Engineer: 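I have a structure I would like to understand better, so I am pasting it below and will then ask my questions one at a time.
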Amino acid sequence: MALFLDILIIVLPVFLVIGLGTVLRKLGLIDATFLFQTNRLVYYVCLPLLLFYKIGSADFFANFNAALVAASATAIAAGFLLSYGWAALRRYPPGARGAFSQGAFRGNLAYVGLAIVFNAYGEEGFTRAGILMGFLVPVLNFFAILALMLPQRHTGESRGAGFWVRQIALNPLILASFAGIAWSFLALPMPVILERSLNIATGMTLPLALIAIGGSFSLEKLRGDLVRAGFATGIKIVWLPLIAALLMRLFGVGGMDLAIGVLFAGTPAATATYIMAHEMKGDAELAGSIVMMSTALSAFSYTLALFILRTAGL
């Protein structure tokens, strides 16, 4: 019973804040304009500041685990190969193939993953997760672009590769993470005024991010082929964490780092999958359905994953 309550304390607050966002939207206290601006604020300002602050003020060598990065990146590649191979085998149309594949491996690390890890493992876990995310975001973006471009390679409808290279290179989360990593690696002191300013400014990041997810959540977005969406969701929140756990063990990753890798692998599909599917002529309806379905079901998959991790002493 104590173990179950411990897991509820980790998972429930995250999804209650997401639910708060949904309720506020239903009551008309927030609207689409607010959510659009909030997402931009979180993505371009709050989250980059939070990543820079937590990573830059930490001991890089005490929190960086190369094996964890390698195992997590390999798990993403495995998720891409599994999902794209399944979609090709089932002869999904080009648009559905790309949307299905990226929805099955590209998780919401920044909004959901960091919140769950912070609740489960505190400041230390958050710092380790932030460093890991800095290395994984480029990997996720690369395979997401690949998943969407491969089915369209003969149609000439997708954006050029140069555009997406710039999107990766100028991604604010990547820039902030690597700026924090450089600051930490060089052991630069954090001035007191800067440290206190960042401490105040970054306190709004995770609440705003979770409210934005909840405000955007709508069962009406469950459209298109729900069977395909269900398969993609199953890969994302069930099979990918299992694959990640196996790879972590093979790479010699254990303890908190293994748990963080599994929790990151089990994140629901990122909202960016819908945006990218729309931009690159993919099946946007399918992408939206995967996001909604995986987000709703991840409350249960996270509960199970944390139960297994806690039972294993992690």
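All figures in this text were calculated on a predicted structure; none of them were measured in a lab. Worth knowing before you read on, the calculation uses all heavy atoms, side chains too, and leaves out hydrogens, waters and symmetry mates.
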Engineer: Considering residues at least two apart in sequence or located in another chain, which fulfil the side chain to side chain contact (heavy atoms under 4.5 Å, CB included) criterion with Trp239?
Structural biologist: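 Trp239: side chain to side chain contact (heavy atoms under 4.5 Å, CB included) contacts with Leu242.
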Engineer: Working to the nearest 0.5 Å, report the span between CG of Leu240 and OG of Ser301.
Structural biologist: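 These two atoms lie 11.5 Å from each other.
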Engineer: Within this structure, what is the CG-CZ distance for the pair Leu258 and Phe251, rounded to the nearest 0.5 Å?
Structural biologist: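 Those atoms lie 12.5 Å apart.
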Engineer: Quick one, Val253 and Leu247 - any side-chain contact, counting heavy atoms below 4.5 Å?
Structural biologist: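 No, side chains not in contact.
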Engineer: Honestly curious: do Ile181 and Leu175 fall in one hydrophobic cluster under the side-chain, below-4.5 Å linking rule?
Structural biologist: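 Different hydrophobic clusters.
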Engineer: Taking all atoms of both residues into account, what is the closest heavy-atom pair of Asn119 and Pro13, and its distance?
Structural biologist: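 Reported closest heavy-atom pair: ND2-CB, 3.9 Å.
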Engineer: For the residue pair Phe143 and Phe105, categorise the inter-ring angle as parallel (less than 30°), tilted (30 to 60°) or perpendicular (more than 60°).
Structural biologist: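 Geometry flag for Phe105 against Phe143: perpendicular rings.
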Engineer: Leu186, Leu51: one ILVMFWY side-chain cluster at the under-4.5 Å cut-off?
Structural biologist: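 Shared cluster, yes.
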Engineer: Within a strict 4.5 Å, meaning less than it, do heavy atoms of the Phe64 and Leu132 side chains meet?
Structural biologist: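 Not in contact.
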Engineer: Does Ile76 reach the side chain of Arg106, with side-chain heavy atoms less than 4.5 Å apart?
Structural biologist: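 A side-chain contact under 4.5 Å is absent here.
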Engineer: Could you measure the distance from the CG atom of Leu226 to the CE atom of Met292? Nearest 0.5 Å is fine.
Structural biologist: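 Rounded to the nearest 0.5 Å, the CG-CE separation comes to 13.0 Å.
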Engineer: For residues Ala104 and Ile235, report the shortest heavy-atom separation together with the two atoms involved.
Structural biologist: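 Scanning both residues completely, I find the closest heavy atoms to be O-CG2, 3.7 Å.
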Engineer: Look up atom OG1 in Thr303 and atom CD1 in Ile10, then write down how far apart they are to the nearest 0.5 Å.
Structural biologist: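 Result: 9.5 Å between the selected atoms.
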Engineer: Check step by step if side chain to side chain contact (heavy atoms under 4.5 Å, CB included) holds for Ile290 and Lys236.
Structural biologist: CA-CA 9 Å; Ile290 295 170; Lys236 183 67 203 70; 5.9 Å; no
Engineer: Check whether any side-chain heavy atom of Tyr43 sits under 4.5 Å from a side-chain heavy atom of Asn39, and report yes or no.
Structural biologist: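 In short, these two side chains do not touch, never coming nearer than 4.5 Å.
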Engineer: Quick one, Tyr302 and Val14 - any side-chain contact, counting heavy atoms below 4.5 Å?
Structural biologist: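 Not touching, per the 4.5 Å side-chain cut-off.
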Engineer: Report the C-alpha separation of Leu306 and Leu263 in whole Å, then their side-chain angles, then the decisive distance to 0.1 Å, and conclude whether the side chain to side chain contact (heavy atoms under 4.5 Å, CB included) test is met.
Structural biologist: CA-CA 8 Å; Leu306 283 162; Leu263 293 177; 4.0 Å; yes
Engineer: To the nearest 0.5 Å, tell me how far Thr205 OG1 sits from Leu49 CG.
Structural biologist: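 Rounded to the nearest 0.5 Å, the OG1-CG separation comes out at 7.0 Å.
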Engineer: Between Pro268 and Val112, what is the shortest heavy-atom contact and its length?
Structural biologist: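 So the two residues come closest at CD-CG1, 3.8 Å.
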Engineer: Can you confirm whether Phe60 is buried at CZ, in the sense that more than 12 heavy atoms of other residues, nucleotides or ligands lie under 6.0 Å from that atom?
Structural biologist: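 Result for CZ/Phe60: enclosed.
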Engineer: Please walk me through it: do Gln37 and Leu41 pass side chain to side chain contact (heavy atoms under 4.5 Å, CB included)?
Structural biologist: CA-CA 6 Å; Gln37 293 172 339; Leu41 178 65; over 6 Å; no
Engineer: Please check if Met190 and Leu188 belong to a single hydrophobic cluster, counting links between Ile, Leu, Val, Met, Phe, Trp and Tyr side chain heavy atoms closer than 4.5 Å.
Structural biologist: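 Yes, it is one cluster - the side chains of Met190 and Leu188 are joined through contacts under 4.5 Å.
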Engineer: Look at the side-chain heavy atoms of Ile, Leu, Val, Met, Phe, Trp and Tyr, link any pair under 4.5 Å apart, and say whether Leu12 and Ile237 land in one connected group.
Structural biologist: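 Different clusters: Leu12 never reaches Ile237 through Ile, Leu, Val, Met, Phe, Trp or Tyr contacts under 4.5 Å.
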Engineer: Within the 4.5 Å heavy-atom criterion, are Ile211 and Ile30 side-chain neighbours or not?
Structural biologist: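 They are in side-chain contact.
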Engineer: Restricting to side chain to side chain contact (heavy atoms under 4.5 Å, CB included), what partner residues turn up for Ala73, sequence neighbours left out?
Structural biologist: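 Partners of Ala73 by the side chain to side chain contact (heavy atoms under 4.5 Å, CB included) criterion, ordered by chain and then number, come out as Leu136, Val139.
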Engineer: Distance-only, no hydrogens or angles: does the Asn199 side chain make a donor-acceptor pair with backbone N or O of Glu195 under 3.5 Å?
Structural biologist: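 No; zero donor-acceptor contacts below 3.5 Å.
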Engineer: Quick one: sort the Phe135 and Phe178 rings into parallel, tilted or perpendicular, breaks at 30° and 60°.
Structural biologist: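 Taking Phe178 first and then Phe135, their aromatic rings stand perpendicular (interplane angle over 60°).
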Engineer: Ser298 versus Thr267: any side-chain heavy-atom pair under 4.5 Å?
Structural biologist: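 Result no, sub-4.5 Å side-chain heavy-atom pair not found.
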Engineer: Before you tell me yes or no, could you show the steps for Phe231 and Phe100 under ring-ring contact (aromatic ring centres under 6.0 Å, His included), namely the whole-Å CA-CA distance, both residues' side-chain angles and the distance that decides it to 0.1 Å?
Structural biologist: CA-CA 9 Å; Phe231 270 112; Phe100 175 90; 7.4 Å; no
Engineer: Using every non-hydrogen atom in the two residues, find where Pro189 and Trp183 come nearest and quote the distance to one decimal.
Structural biologist: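 The pair with the smallest heavy-atom distance is O-CZ2, 3.3 Å.
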Engineer: Under a 4.0 Å threshold between the charged nitrogen and the carboxylate oxygen, would Asp31 count as salt-bridged to Arg25?
Structural biologist: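 No, Arg25 and Asp31 are not salt-bridged.
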Engineer: Kindly indicate, with the supporting measurements, whether the criterion side chain to side chain contact (heavy atoms under 4.5 Å, CB included) is fulfilled by Met204 and Cys46.
Structural biologist: CA-CA 7 Å; Met204 61 181 170; Cys46 299; 3.4 Å; yes
Engineer: Check Pro241 against Ala265 and note the closest heavy-atom contact, atom names and distance.
Structural biologist: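 Heavy atoms only, the tightest pair is CA-CB, 3.9 Å.
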Engineer: For atom CG of Leu29, is the number of surrounding heavy atoms from other residues, nucleotides or ligands below 6.0 Å larger than 12?
Structural biologist: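 Yes.
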Engineer: Looking only at non-hydrogen atoms, find the nearest pair between Gln102 and Ala144 and report the distance.
Structural biologist: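 Taking every non-hydrogen atom into account, OE1-CB, 3.6 Å.
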Engineer: Nearest 0.5 angstrom please: Arg97 CZ to Arg91 CZ, how far?
Structural biologist: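 Arg97 CZ to Arg91 CZ: 9.0 Å, rounded to 0.5 Å.
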Engineer: Do Arg128 and Phe118 form a cation-pi contact, if we require the NZ or CZ to be under 6.0 Å from the six-membered ring centre and within 45 degrees of the ring's axis?
Structural biologist: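 Cation-pi check for Arg128 and Phe118: fails.
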Engineer: Test of understanding: with side-chain hydrogen bond (donor to acceptor under 3.5 Å, both in side chains), list the residues that count as partners of Ser294, not counting sequence neighbours.
Structural biologist: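 Residues passing side-chain hydrogen bond (donor to acceptor under 3.5 Å, both in side chains) with Ser294: none at all.
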Engineer: Is it the case that one hydrophobic cluster holds both Tyr92 and Val227, taking links as side-chain heavy atoms less than 4.5 Å apart, direct or via other members?
Structural biologist: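 As far as the 4.5 Å side-chain criterion goes, Val227 and Tyr92 are connected within one cluster.
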Engineer: Look at the side chain of Ser184 and the backbone N and O of Gly180, then say whether any donor-acceptor pair between them is shorter than 3.5 Å.
Structural biologist: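 Absent.
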Engineer: What is the ring orientation for Phe185 with Phe61, classed by angle as parallel under 30°, tilted 30 to 60°, or perpendicular over 60°?
Structural biologist: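 Phe185 and Phe61: tilted rings.
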Engineer: Do Ser72 and Phe264 make a side-chain contact, defined as non-hydrogen atoms from C-beta onward lying under 4.5 Å apart?
Structural biologist: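 SC-SC contact between Ser72 and Phe264 ruled out.
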